[in-house]
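Heads up: the structure comes next, in structure tokens.
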Amino acid sequence: YLGKAQNFHEYADTNLRYMRLTGLFHSKGHGIILKNEKKTIALALSSDLISNDSEENLFQRLVNIPHLPTDESQVAMDALQDLIRELEARAIEFKMPTEDDLKTNLAINRVRRHLEAILRQQNEIDFANSQQFAWKEIGAYLDMLMSGKDHQEVDDDVIEDITIPRGEAPAYLEWSLWRAILALDHLKNLPYEVRNFNVDGDLLPKSTAAGGMPDLVAEFDDCVVVIEVTLSESSRQQAMEGSPVRKHVADIMKTTAKPVFGLFIAKSIDTNTFDDFQRGVWYGDDESTYNLHIIPLTIRQFRDCFMDIFSKNKRERLPLLTLMKQCDANRQRLTLFDWKRSIDMAVQSFVTD
């Protein structure tokens, strides 16, 4: 075989990801397992693998809306009972449906989708609570994104080798920052309210954040932090990110009485981008003026601070917010290059203190 050995890993990973995208499976070790709450649906799907119908009829069924097992009331009810048992086994609070809620197949499936949403939200809350123990893995992902690698063998008993699927580095950068913010904790908004990108059933990123909104919005007791990330570099960075980032921060300022900070993270930060953020001004359509507080950090700088917080057990004091305030305090009284150097010095002092 003359191609890259990594191709075998990526091909296998793609197949497993397709299976997870069905919603029937989730990751387990190096493979996948069937979800408890999806067993009835999986059995119903696998019971009709062979058909004696004509190819023409099969084609018509596929190109029109295909029949699903849950279109039948009994299968839908069995699937609902699977879901209720899973919620009860995990002691997740929910309102038990009544007979009036389950009179039709449409109603049964509506209740099932509602309970599935409750389960997804609880899964995300549990995931958020576990991130403080996954800080080394988060740091490993940031290392890969910093260096441009898509695979890293980790010599650690705690975490396994990690991979970033080809072409998905931007989504994994947003996802890694989301995990880092969850690990730092002290959030006032819920995990699924922090992110503006979609995740799959295993809480892996499916896409980057939609256009027109921030990547992440983290609310704390005394402030809100709008987080924007990019892998763009050079002068293109200012053209692509300068105006949208400032607008997103200004938009959040309109919605809260709390102080709002922007945190911009990139592999490297162009001088023109620094200039946009140092001036830190956005003008509204109604001639209003917003004084913005946006701190640009490289992935390396953020990664070094993040790892330092956990390795020295600083998490209880929310030192990252203190660092941002320190960087912003000198913004308007320094020249552009002095402000840039002051951020470098602040980060260096942070990780050596």
Less than 4.5 Å apart, side chain to side chain, heavy atoms only: is that true for Asn196 and Pro214? yes
Pair Asp275 + Arg279, salt bridge at N-O below 4.0 Å: yes
Distance (rounded to the nearest 0.5 Å) between Leu173 CG and Ile164 CD1: 8.5 Å
N/O donor-acceptor pair under 3.5 Å between Thr22 side chain and Leu24 backbone: yes
When you measure from the side chain of Thr256 to the backbone of Met253, do you find a donor-acceptor pair of N or O atoms at a distance under 3.5 Å? no
Has Arg246 got a side-chain atom pairing as donor or acceptor with Gly242's backbone, closer than 3.5 angstrom? yes
Kindly indicate whether the side chain of Ile269, heavy atoms from C-beta on, has any atom under 4.5 Å from the side chain of Gln237. yes
State whether the side chain of Trp178 and the backbone N or O of Tyr192 hold a donor-acceptor pair below 3.5 Å, judged by distance alone. no
Are Glu241 and Thr230 close enough that a side-chain donor and a side-chain acceptor fall under 3.5 Å? yes
Criterion side-chain contact (heavy atoms from CB on, under 4.5 Å) on Gln131 and Ile138, from CA distance to verdict: CA-CA 8 Å; Gln131 293 312 291; Ile138 297 169; 3.8 Å; yes
Here the gap from Phe302 atom CZ to Arg300 atom CZ, rounded to the nearest 0.5 Å, amounts to 14.5 Å
Using the ring of each side chain (for Trp, its six-membered ring), is His293 parallel, tilted or perpendicular to Phe261, with breaks at 30° and 60°? tilted
So does Thr40 get a backbone contact from the side chain of Asp78, meaning a donor-acceptor N/O pair under 3.5 Å? no
Is Tyr283 reachable from Leu292 through a run of hydrophobic residues whose side-chain heavy atoms are each under 4.5 Å from the next? no
Side-chain donor or acceptor of Gln132 paired with backbone N/O of Ala183 under 3.5 Å: no
Can you tell me how far apart CE (Met345) and NZ (Lys340) are? Round to the nearest 0.5 Å. 15.0 Å
Taking Lys325 first and then Asp328, would you say they form a salt bridge - that is, a charged N and a carboxylate O separated by under 4.0 Å? no
Does Asp215 use its side chain to pair, donor to acceptor, with the backbone of Val229 at less than 3.5 Å? yes
Cluster question for you: counting only ILVMFWY and a side-chain heavy-atom cut-off of under 4.5 Å, with indirect links fine, are Leu182 and Ile162 together? yes
For the pair Asp82 (side chain) and Lys38 (backbone), establish whether a donor and an acceptor sit closer than 3.5 Å, ignoring hydrogens and angles. no
Can a side-chain donor-acceptor contact be found between Arg61 and Asn64 if the only test is distance below 3.5 angstrom? no
Is the shortest side-chain N to carboxylate O distance from Lys258 to Asp222 below 4.0 Å? no
Does a side-chain N-to-carboxylate-O contact under 4.0 Å join Asp251 and Lys247? yes
Asp126 and Arg90: salt bridge (charged side-chain N to carboxylate O under 4.0 Å, His left out), yes or no, with the steps? CA-CA 11 Å; Asp126 293 344; Arg90 293 178 53 184; 2.8 Å; yes
4.5 Å side-chain heavy-atom contact, Ile309 and Phe350: yes
Quick one, Thr271 with Phe337, criterion side-chain contact (heavy atoms from CB on, under 4.5 Å). Give me CA distance, side-chain angles, the key distance, then yes/no. CA-CA 8 Å; Thr271 301; Phe337 293 103; 3.9 Å; yes
Contact between Leu115 and Leu80 at the side-chain level, heavy atoms closer than 4.5 Å - yes or no? yes
Taking the side chain as every heavy atom from C-beta outward, state whether Ile84 and Pro97 have any pair of such atoms under 4.5 Å apart. yes
Can you measure from CD1 (Ile118) to CG (Asn123) and round to the nearest 0.5 angstrom? 12.0 Å
Does the pair Arg20/Asp202 count as a salt bridge with the N-to-O cut at 4.0 Å? yes
Salt bridge between Glu174 and Arg195, side-chain N to carboxylate O under 4.0 Å? no
Do Trp135 and Phe310 have their ring centres less than 6.0 Å from each other? yes
Flag the pair Glu137 and Arg179 as a salt bridge only when some basic side-chain nitrogen lies within less than 4.0 angstrom of an acidic carboxylate oxygen. yes
Does any donor atom in the side chain of Asp276 or Gln238 lie under 3.5 Å from an acceptor atom in the other side chain? yes
How long is the straight-line distance from CG of Leu297 back to CD1 of Ile265, given to the nearest 0.5 Å? 6.0 Å
State whether Arg303 and Asp143 are salt-bridged, where the test is any N-O pair (Lys NZ or Arg NE/NH1/NH2 against Asp/Glu carboxylate O) under 4.0 Å. yes
Can you find a pair of side-chain heavy atoms, one from Ile227 and one from Val217, that are under 4.5 Å apart? no
Is a donor from one side chain sitting under 3.5 angstrom from an acceptor on the other, for Ser288 and Asp286? yes
Indicate yes or no: at least one non-hydrogen side-chain atom of Ile32 is less than 4.5 angstrom from one of His26. no
Distance, nearest 0.5 Å, that separates CD of Glu86 from CD of Glu37: 5.0 Å
Distance alone, cut at 3.5 Å: any donor-acceptor contact between the side chains of Arg112 and Asn109? yes
For Gln301 and Asp344, does a side-chain donor sit closer than 3.5 Å to a side-chain acceptor? yes
Test item: side-chain donor near acceptor, Gln278 and Arg331, under 3.5 Å: no
Is there a donor-acceptor contact under 3.5 Å from the side chain of Ser311 to the main chain of Met307? yes
Quickly, which of Phe127, Tyr141, Phe197 forms a ring pair (Phe, Tyr, Trp, His ring centres under 6.0 Å) with Trp175? Name it, please. Tyr141
For Leu204, is there any backbone N or O sitting under 3.5 Å from a side-chain donor or acceptor partner on Asp200? yes
Determine whether Met324 and Val351 fall in the same hydrophobic cluster, where Ile, Leu, Val, Met, Phe, Trp and Tyr are linked whenever their side-chain heavy atoms lie under 4.5 Å apart. yes
One thing to verify: whether Asp338 and Arg341 come together as a salt bridge, which I'm taking to mean a side-chain N less than 4.0 angstrom from a carboxylate O. yes
